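Ligands are counted one by one from 1 in listed order, and the atoms in each one are counted from 1 as well. Note that the structure is a prediction, hence the values are computed from the model and not measured.
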Amino acid sequence: MGRNKSAWRNEKKGGRGGKKGGGQGSGKGDRYAYVSIPSENAKYERYYKESGLIPEEEWDEFWATLKRTLPTTFRFTGSKGHALSVLKTLQEVYVPHLSGLTWEDQPVSPPTPLPWFPDNLAWTMTAGKTVIRRCPPFKRFQNFLVAETTVGNISRQEAVSMIPPLLMDIEPHHAVLDMCAAPGSKTAQLIEAIHAGEETRTEEAIAQDGPTDKINNGGRPTGLVIANDADYKRSHMLIHQTKRLNSPNLIVTNHDATWFPSLLISGPNEDKEYLKYDRILADVPCTGDGTARKNYGVWRDWSPGGAFNLHLTQVRILVRGLQMLKVGGRIIYSTCSMNPVENEAVLASAIDRCGGLDKVNIVNVDHRLPELKRRPGVTNWKVFDRDCVWFNSFEEVEKDNRSMERLSRITREMFPTEDYKELDDPTRIPLERAIRVYPHLQDTGGFFIAVLEKKMEIKTIKPEISGRKKMVAMAKAEAFKREKEDAAVGDTESVEIAAKDELDEDIEIPEAPATPSNPEPEELIPGAPESPIKRKLEIDSAPPTPLAIKKTKLETEVTVESEVDIEVKAEPEVIAEPEAEIETEADAISAEAHPMPSEPWASKKDESRYNTPAEGKVGRRNGGIPIEEPFKFLAADHPALNHIFEFYSLSSRFPRNCFLVRNAEGIPSRAIYFTCDLARQILTYNEGKNLKFVHCGVKAFFKQDVQELDVCPWRIQNEGLPIIEGWIGEDRIVRAKKRITVRGLLKELFPKVNAEGHEGDVIAEIEQRVRELSMGCCILKVGLGEGEEEFDQKIVLPLWRSRFSCNLMLPKDERRAMLMRLFNDEEEVVDSTNKNRARPRANTNSELPDGEVLPDSEVFPDIEDAAEVDPELEVQDIEGEKPDL
Ligand SMILES: C[S@@+](CC[C@H](N)C(=O)[O-])C[C@H]1O[C@@H](n2cnc3c(N)ncnc32)[C@H](O)[C@@H]1O
């Protein structure tokens, strides 16, 4: 945020330090002009120039590309049928209008698909911000992108960041762990993969007869994604980022991935066992030096020591992931760094610790994504120390006579061993199977990816040699040596033994990662506001908690002992903060999850999020530790569920045991959430074990104030609708075919039920059917029509039948997105009744004229969520909030 702002401010001022011109396609219309940020860092340049990683003949192009602003890339939500129709709109409506344009006499390119991404589902766009804001066809395109992003059909994501999930081959039954998930762009892809093909499978399942549906689970996936991040606030960004996907197959956790706890689930014989994952993503914290094209902080803060700091944490995360993986399962290790110390050295070290190639190997993925230009992982590299001295081996470090403090963080594991270099040695680790993506190859950021497969259970983990302990040992040894030399007595052998003892001791107690009481040297952790380096720092500088104290012991368990399933015992109880409240908090700190305010298609909502400091709405805390509401499952025969199943004639094949609420009493007082069976097992079997679950479940039903006793107060939430709609009985369904009906319902709030034959009768087609319906929630199903006036796609929307009107329960931004997509209508939604303006303070309907029911939570979703937790908050917030009319 800060970085980009300053970058653009600099540009307006004429810039400082940035080079001008050059590069392919440079011109006013394209982004291919050097941006005037100080894209200079002598050490960074020297490191990559002298590293030998980039062939000499490619250097100029590599370096020039790194200095250019990254093109904007975005992705369609592949698992949603809806999103595919949005892709069609892009291809058939927008691209033709954006082709062949010039701006200020310069050609401007239309968006094009990323050649290596399957099914044209990801696109790249080089048009600059000025063009997007000022050139009318691009401006219209921007509106389209904003609208579709808001409703979850499009996600803005850096191109290279899309690669790891594509190599995971996730299937709907997989248990997937995303160890370092925030802000969640890859998590979204993992969730989409879990839900791939669900729409078709569900339709087939619904069409089947029969009382039970155990085998195909009603078409729903049986797998699960667990998205974890060690940073509490960032773990809540995950909720925000994934919310648009409405997945019941998601749990968000907040643990340090180096000792991610083992989770109990049902075993095959009614017993319990620890969950092992089919797929794991370890997209670890890194220096992020491949992100210089979008992260100004890299230019400002890159230093050779950054990689040393992170190497050990990266190894530990990967080793813990390998422990938790099923035999035959795959873990993807990735970073947005190009430095071998954070990449190949980590792979080699983790494989070695796990027992070598018999246990874990690197999978050859050369044939995958054939259009992706890449370079193989390196088998030989040098290490550049903080004084910009190159070392070819650890022996050279040991011989160096500069102060130990200067060399302390360099460990043997950071170097290639001789056998990596022997390409024909079948026992060496095939590091060349990893993927290196360099910016100049396909106009992207720099990235590293490796796919690892677990071949056998890992029984023992080889210990690590800690840099810090080594430093102490070596410093002591050196001091001792000097002492001896000074005294002209002593033998060098005893000095070596002293050092060795320290190193051995190190094996017993691995080094704890940096904490406030164990800070990193400042030079090594520069704090660029949005840099990944800063992100690491944020975690390290979190207030000390009992959790941090516990770390050392648990890390010892992970890295030294045989594979022990970790059960967290000593952490203080952590209870969920009310989600809505935290989302607000997370909104303010979101650095990466959303388009930056300066992004041309960042929505207003996103911009305000960035402009709002994280203050005011602080969640409840217990001694600095966030308080989370527990997840309580409703009994299958709970009266609220009985009422719901009866009112909506919900099929008996729809599972009743996966509904939950978020309060300690387990009372369905406001919202009822739905999740999958594996998530249910995890949340119930691991309850009371101090695990930090921060999110699970899709809001399926919400309790509405109703005027009459026989009206079911449980209305279907829009986010839960896709999961439930197919199982609802005909009694609560209104069917339509005509475009005019859909448009009218989207365009107008509270259209009259009794306007038959009068002007403004927007629901003529369904009026009779709506009159027959009893009051309350129902669903509108628009079928596949063939006539000219009919719709050619399926739509299902929640509808509320009031005494005098029927109203779609959709937030305005969703109405706008649909109006734009389906009818190319960019005009405002109308409220012909004007009733919202006289909206009462609280969300009671009794004060409304004509007995209308306002779907409050749809108009004010955050407020209602917050109100669920604290009734006082409800009144205060509603008073303070201005309806967006
Ligand atoms: C490179 S980012 C992950 C990006 C993410 N996978 C995505 O695609 O949006 C690294 C994340 O790791 C988190 N992190 C840092 N140290 C961690 C640890 N020890 N355990 C778990 N997460 C950690 C950071 O908070 C940060 O969100």
Give yes or no for whether the N/O distance cutoff of 3.5 Å, strictly under, is met between [X] and ligand 1.
| X | value |
| --- | --- |
| Asp283 | yes |
| Asp256 | yes |
| Asp229 | yes |
| Thr313 | no |
| Pro285 | no |
| Ile317 | no |
| Ser185 | yes |

Do [X] and [Y] sit within salt-bridge range, that is, some charged N less than 4.0 Å from a carboxylate O?
| X | Y | result |
| --- | --- | --- |
| Glu192 | Arg75 | yes |
| Asp256 | Arg316 | no |
| Glu344 | Arg436 | yes |
| Asp443 | Arg293 | yes |

What atoms of ligand 1 come within less than 4.0 Å of a heavy atom belonging to Gly184?
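Result: 7 (C), 9 (O).
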Any idea which atoms of ligand 1 are less than 4.0 Å away from a heavy-atom of Ala257?
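Taking each heavy atom of Ala257 in turn, ligand 1 has 18 (C), 19 (N), 20 (N), 21 (C) under 4.0 Å.
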How would you list, by chain and number, every residue that makes a side-chain contact (heavy atoms from CB on, under 4.5 Å) with Ala679, sequence neighbours excluded?
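Counting only residues at least two positions away or on another chain, Ala679 forms a side-chain contact (heavy atoms from CB on, under 4.5 Å) with Leu224, Ile251, Thr675, Cys676, Cys696.
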Under the side-chain contact (heavy atoms from CB on, under 4.5 Å) test, which residues partner Arg374, sequence neighbours left out?
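Per chain and number, Arg374 pairs via side-chain contact (heavy atoms from CB on, under 4.5 Å) with Leu369, Leu372, Ile435.
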Taking 4.0 Å as the limit for heavy-atom contacts, which would you say applies to Arg234 with ligand 1: side chain only, backbone only, both, or neither?
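Only the side chain of Arg234 comes within reach of ligand 1.
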Counting only heavy atoms closer than 4.0 Å, does ligand 1 sit against the backbone of Cys336, its side chain, both, or neither?
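The answer is neither.
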Of Thr253, Asn228, Thr187, the residue whose pairing with Asp178 passes side-chain hydrogen bond (donor to acceptor under 3.5 Å, both in side chains):
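The option that passes is Thr187.
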Trp302 and Tyr47 aromatic ring geometry - parallel, tilted or perpendicular at 30°/60° bounds:
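Geometry flag for Trp302 against Tyr47: tilted rings.
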Within the structure, is a non-hydrogen atom of Val284 found at a distance of less than 4.0 Å from ligand 1?
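Yes; Val284 lies near enough to ligand 1 that a heavy-atom distance drops under 4.0 Å.
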Taking a cutoff of less than 4.0 Å between a non-hydrogen atom of the residue and any ligand atom, is Gln241 in contact with ligand 1?
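Checking ligand 1 against Gln241, which is what was asked, there is no heavy-atom contact under 4.0 Å.
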So Arg320 and Met179, do their side chains get closer than 4.5 Å, heavy atoms only?
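Met179 vs Arg320: side chains touch.
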